[in-house]
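Can you keep this structure in mind? I'll have questions shortly.
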Amino acid sequence: MSVPADLGGVPLLVAYLLLLAGTAIQYRRGKLPGTRAVLLVGMCLTWLSYALLQVTQSGTVPTGTPLNYALDALAVVVLIVGVAAMGWWWRVRDER
């Protein structure tokens with residue numbers, strides 16, 4: 001078995017957290033417009049929710065534990081926030 005498979009989605013989770021942090025840094029430095037930052041954050045959050053589910057579903061967190069349920073709930077909330085951010089971007093993108 002390979003090392004990434006043994007980690008159960010943790011590298012994917014770290015990668016999307018780094019992308020989210022990079023987007024925030026670029027926005028903070030003024031190199032990324034606000035509407036574009038919202039789109040990128042929304043995209044990162046939707047993929048972050050997928051990565052959270054990879055960690056909980058036969059991943060590093062055992063199934064049926066309170067931590068598993070908490071991470072599953074967090075994944076759903078993160079997905080909803082990400083989709084809402086992309087929906088907001090979709091509405092305001094033509095107003096500029």
Q.
Quick check: is Leu53 connected to Tyr16 through a chain of hydrophobic side chains (ILVMFWY, heavy atoms under 4.5 Å apart)?
A. no
(Q) What's the separation between atom CG in Leu19 and atom OG1 in Thr23, rounded to the nearest 0.5 Å? (A) 6.5 Å
Q | Closest non-hydrogen atom pair between Gly34 and Tyr27, with its separation | A | CA-CE1, 3.6 Å
Q | Hydrophobic cluster identity match, Leu48 and Leu12, side-chain contacts under 4.5 Å | A | yes
Q) If you measure from OG1 on Thr35 to CZ on Arg93, what distance do you get to the nearest 0.5 Å? A) 11.0 Å
Q: Take Leu18 and Val14, measure what side-chain contact (heavy atoms from CB on, under 4.5 Å) needs, and give me the verdict at the end.
A: CA-CA 6 Å; Leu18 288 174; Val14 171; 4.1 Å; yes
Extract all donor-acceptor atom pairs below 3.5 Å that involve side chains of residues 68-92 and protein atoms in other chains or at least two apart in sequence.
unit_1: Asn68; atom_1: ND2; unit_2: Thr56; atom_2: O; d: 2.8
unit_1: Asn68; atom_1: ND2; unit_2: Pro62; atom_2: O; d: 3.4
unit_1: Asp72; atom_1: OD1; unit_2: Thr56; atom_2: OG1; d: 2.7
unit_1: Asp72; atom_1: OD1; unit_2: Gln57; atom_2: NE2; d: 3.4
unit_1: Asp72; atom_1: OD2; unit_2: Gln57; atom_2: NE2; d: 3.4

Q: Measure the spacing between CG of Leu32 and CG of Leu39 and express it to the nearest 0.5 Å.
A: 9.5 Å
Q) Do Val38 and Ile25 belong to the same hydrophobic cluster, where Ile, Leu, Val, Met, Phe, Trp and Tyr are linked whenever their side-chain heavy atoms lie under 4.5 Å apart, directly or via other members? A) no
